[in-house]
Amino acid sequence: MAKIQMKTPLVEMDGDEMTRIMWQMIKDELLLPYIDLKTEYYDLGLEYRNQTDDQVTIDSAEATKKYGVAVKCATITPNAARMSEYDLKEMWKSPNGTIRAALDGTVFRTPIQVKGIEPCVKNWEKPITLARHAYGDVYKNTEIKVPGAGKAELVYTAEDGTVIREIIHEFDGPGILQGIHNTDRSITSFARACFSYALDTKQDLWFATKDTISKKYDHNFKDIFQEIYETEYKEKFEAAGLEYFYTLIDDAVARVMKTRGGFIWACKNYDGDVMSDMVSSACGSLAMMTSVLVSPDGVYEYEAAHGTVQRHYYKHLEGEETSTNSVATIFAWTGALRKRGELDGIPELAEFADKLERAVLQTIEEGRMTKDLALITSLSGVTVLNTLDFIRAVRETMETM
């Protein structure tokens, strides 16, 4: 059978540790036998990032802007221990943060639901998609450890010399300070990405902040979302039979537990980080969640929502067998291939992505899965497969479909 031909390359961002091992397995077993795979390759493994002073991460983001679709493996964000382990020149920033800033994107994360792995919240019949603002707030903060008594002030100096000054706190002893920021431009991009994604996926959109307490910072998010909705999207939503719903974040947390799912929940950066982990864990596993970064310019970067699986990698290096869940990484590839097929008018590529995803789910539903899923499945008599054997089982399923 002839391989599916591609027109435009995907930007391929390789990564670290066990996910890097699975990355090659997926290509060898599930992609290269069926697709004449065209990619522009960037090695975002920590060793090469260090070697290039992280220029490779910047280059990969620029290539994503050029080609429009990227697929990314999980990568290490170094801490003090990694500095020593990899003999790093400096503690390089998160590649995800660098790419998100370059693309001005919004992260959409959706659980992969499969029969036999039921959500802890029993009434969640459909996946809840988390839309996470990917700029600013605590992730671009400035912090001070206050040594003793003194006055802390928030000061803004305009280009014309005008000064706005507010007292934060008058300390009578040691404490801590944190300064955070965001921009109207980034919030506007976030809002448009959420409304557009809701229309594309035909789902209602929720948005939640704490504007009753944060009357300027959080309220600004609420106001921008409402303005964008009223002026650009209200008629489109009504025509599509969709709802835009705003509420406080604590109200949203309570409400979301009682819903049937099937909507998009937009959150500020930190809220989205935490709530996406909550939703994915409630649905079974971080390894069962897709993640796509969408820019206002229509650029897409697909990845798994989890880390590099360090513990399994060390076992792999010792020659021990691992049973690492590759589902989210497979779905990163299928998401990118489907979007490439849609943009380039190659229906065979999109159909292949659909088929591969069905094969993954069918394999699990037949009782063949990795250890993490076997521990929580409601299915009986399951077979626990190691990392490579699960990927090969998916291939076997796909070839019988």
Side-chain angles (χ1 to χ4, degrees), residues 94 96-97 100-101 104-109 128-146 150-158 162-172 174-195 197-198 204-234 243-259 263-279 296:
S94 159
N96 289 338
R100 288 169 190 163
D104 191 21
T106 296
V107 178
F108 295 93
R109 289 179 172 168
I128 297 169
T129 297
L130 265 293
R132 174 188 170 187
H133 188 206
Y135 176 81
D137 299 347
V138 69
Y139 299 85
K140 272 192 166 291
N141 68 1
T142 300
E143 299 177 315
I144 297 174
K145 189 167 178 58
V146 176
K151 182 169 66 174
E153 296 180 287
L154 190 63
V155 180
Y156 164 76
T157 305
T162 303
V163 176
I164 301 174
R165 185 185 305 266
E166 295 283 349
I167 295 175
I168 299 171
H169 186 67
E170 295 194 15
F171 287 88
D172 58 9
I176 47 177
L177 279 168
Q178 180 183 84
I180 63 173
H181 79 280
N182 227 293
T183 68
D184 285 4
R185 178 181 176 182
S186 182
I187 299 168
T188 299
S189 294
F190 173 43
R192 287 190 175 122
C194 291
F195 288 123
Y197 198 78
D204 292 340
L205 174 66
W206 292 21
F207 180 50
T209 68
K210 193 69 172 176
D211 65 286
T212 53
I213 302 300
S214 178
K215 298 181 187 300
K216 292 181 180 178
Y217 196 101
D218 278 26
H219 212 296
N220 196 47
F221 277 81
K222 176 185 177 182
D223 291 343
I224 288 175
F225 260 74
Q226 191 63 39
E227 181 183 355
I228 295 295
Y229 176 67
E230 294 287 347
T231 58
E232 300 180 27
Y233 290 95
K234 185 176 181 179
E243 178 187 18
Y244 168 59
F245 174 70
Y246 175 82
T247 189
L248 292 171
I249 184 66
D250 40 349
D251 179 53
V253 171
R255 284 173 178 260
V256 78
M257 294 299 172
K258 300 175 183 178
T259 69
F263 59 91
I264 299 168
W265 181 10
C267 295
K268 288 170 54 192
N269 210 342
Y270 177 78
D271 295 339
D273 191 358
V274 174
M275 296 307 170
S276 63
D277 282 353
M278 179 198 73
V279 169

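- If you take CD on Q178 and CG on N141, they are separated by 4.5 Å, rounding to the nearest 0.5 Å.
- Closest approach of V256 and I128 over heavy atoms only: CG2-CD1, 3.6 Å.
- Between the OG1 atom in T106 and the CD1 atom in I264 there is a gap of 11.0 Å [rounded to 0.5 Å].
- Within the 4.5 Å cutoff, no side-chain heavy atoms of Y233 are placed close to those of Y244.
- Contact detail for G105 and A134: the closest heavy-atom pair is O-CB, 3.3 Å.
- In plain terms, the two heavy atoms of V107 and R100 that are nearest each other are CG2-NE, 3.6 Å.
- Remark: F245 CZ is packed, more than 12 non-hydrogen atoms of other residues, nucleotides or ligands lying under 6.0 Å away.
- Counting heavy atoms from C-beta on, the side chains of E143 and L177 never come closer than 4.5 Å.
- E170 has no carboxylate O lying under 4.0 Å from a charged side-chain N of K151, or vice versa, which leaves the two without a salt bridge.
- In this structure, R255 pairs ionically with D251, as a charged nitrogen and a carboxylate oxygen lie closer than 4.0 Å.
- For H219 and F221, the ring centers sit 6.0 Å or farther from each other.
- In this structure, I224 and D184 approach most closely via the heavy-atom pair CD1-OD1, 3.8 Å.
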Give the intermediate values and the outcome of side chain to side chain contact (heavy atoms under 4.5 Å, CB included) for residues T247 and F207. CA-CA 7 Å; T247 189; F207 180 50; over 6 Å; no

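- Atom CH2 of W206 sits about 11.5 Å away from atom CG of L130, to the nearest 0.5 Å.
- With respect to K268, the side chain to side chain donor-acceptor pair (under 3.5 Å) criterion is satisfied by exactly one of N182, D218, T209: D218.
- Using bins of under 30°, 30° to 60° and over 60° for the plane-to-plane angle, the ring pair F225/F190 lands in the perpendicular bin.
- Side-chain contact check for P174 versus V146: every heavy-atom pair is 4.5 Å or farther apart.
- Side-chain contact between T129 and Y197 is present, with at least one heavy-atom pair separated by less than 4.5 Å.
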Run the side chain to side chain contact (heavy atoms under 4.5 Å, CB included) test on I187 and N220 for me, step by step, so that the C-alpha distance in whole Å, both residues' side-chain angles and the decisive distance to 0.1 Å come before the verdict. CA-CA 9 Å; I187 299 168; N220 196 47; 3.9 Å; yes

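- Nearest heavy-atom pair across R165 and V155 is NH1-CG2, 3.6 Å.
- A donor-acceptor pair is defined here as one N or O able to donate and one able to accept, closer than 3.5 Å; such a pair exists between the side chain of S94 and the backbone of N96.
- At least one side-chain heavy atom of R192 sits under 4.5 Å from a side-chain heavy atom of I228.
- Under 3.5 Å, the side chains of Y135 and H181 contain a donor-acceptor pair of N or O atoms.
- Residues T212 and L248 are in side-chain contact: their nearest non-hydrogen atoms beyond the backbone lie under 4.5 Å apart.
- Within the 4.5 Å cutoff, no side-chain heavy atoms of V279 are placed close to those of S276.
- Summarising the geometry, atom CG belonging to D137 is positioned 3.5 Å from atom OH belonging to Y217; distances are rounded to the nearest 0.5 Å.
- Using a 4.5 Å cut-off on side-chain heavy atoms (C-beta onward), I180 and K140 make no contact.
- Using modelled atom types, one side-chain atom of T231 and one backbone atom of E227 make a donor-acceptor pair closer than 3.5 Å.
- To the nearest 0.5 Å, atom NE2 of residue H133 and atom SG of residue C267 are 12.0 Å apart.
- The environment of I144 atom CD1 is sparse: at most 12 non-hydrogen atoms of other residues, nucleotides or ligands sit within 6.0 angstrom.
- With ring centers used as reference points, F195 lies under 6.0 Å from Y229.
- Between atom CH2 of residue W265 and atom CZ of residue R109 there is a gap of 14.0 Å, rounded to the nearest 0.5 Å.
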